[in-house]
Amino acid sequence: MNVGLRPLRIAAHVEFVSLIVMLANLATVHLAPVSSLMGPVHGCAYLFVVVATWRTEGARVTALLPGIGGLLALRRLEREGSRQAVA
C-alpha cells in the first residue's frame with residue numbers, strides 16, 4: 001500500500017459510507033440527528049477527496065463525482081502507480 005494514498009483511501013471510504021448512511025436514513029426513518037451528523041461528515045470527506053486528488057495527476061475530474069468519485073479516483077491512481085512500478 002502506498003503511504004501517500006492512505007489519507008485519500010480513508011476519506012474516499014468515509015465519503016462513500018456516509019452517503020450510504022444518509023440515503024438509508026432518508027429512505028427509512030429520516031432521523032434528524034443522523035442527517036445533522038452525516039451531512040457535514042460527508043461534505044468534509046468529499047472536500048478532502050477533491051483537494052487530495054487535485055494535487056495528483058490523472059484523476060482530478062473523477063473525484064468530483066459525489067459519493068463514488070473518491071473510490072474511482074483512488075482506483076485510477078493505484079493503477080497508474082502500479083504501471084509506473086512495472087516500467
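Just so you know, residue 1 is the first one in the sequence shown, and it goes up from there. Computed from heavy atoms alone, side chains included, the values below leave out hydrogens, waters and symmetry copies.
Distance check: Leu77 CG to Leu72 CG gives 11.0 Å after rounding to the nearest 0.5 Å. Atom-to-atom distance recorded for Glu15:CD and Ile68:CD1 is 9.0 Å, nearest 0.5 angstrom. Atom CZ of Arg6 is separated from atom CG of Leu74 by 12.5 Å, given to the nearest 0.5 angstrom. For the atom pair OG (Ser18) and CG (Asn25), the distance works out to 12.5 Å, reported to the nearest 0.5 Å.
Two residues are said to be in side-chain contact when any heavy atoms from C-beta on lie closer than 4.5 Å; Thr62 and Arg76 meet this criterion. Looking at Tyr46 and Val51, their side chains never come closer than 4.5 Å, going by heavy atoms from C-beta outward. Within the 4.5 Å cutoff, no side-chain heavy atoms of Met22 are placed close to those of Ser35. Considering only heavy atoms from C-beta on, Leu5 comes within 4.5 Å of Leu8 through its side chain.
No continuous path of hydrophobic side-chain contacts links Phe48 to Trp54 [ILVMFWY only; heavy atoms under 4.5 Å]. Clustering ILVMFWY residues whenever any of their side-chain heavy atoms sit less than 4.5 angstrom apart, transitively, puts Leu65 in a cluster other than the one holding Val49. Taken together through direct or relayed side-chain contacts under 4.5 Å among Ile, Leu, Val, Met, Phe, Trp and Tyr, Val21 and Leu31 form part of one hydrophobic cluster.
Here the closest non-hydrogen pair linking Arg60 and Thr53 is CG-O, 3.9 Å. When every heavy atom of Ala12 is checked against every heavy atom of Gly70, the shortest pair comes out as CB-C, 3.6 Å.
Partner Phe16 forms a side-chain contact (heavy atoms from CB on, under 4.5 Å) with one of Val14, Ile20, Leu19 and no other, that one being Ile20.
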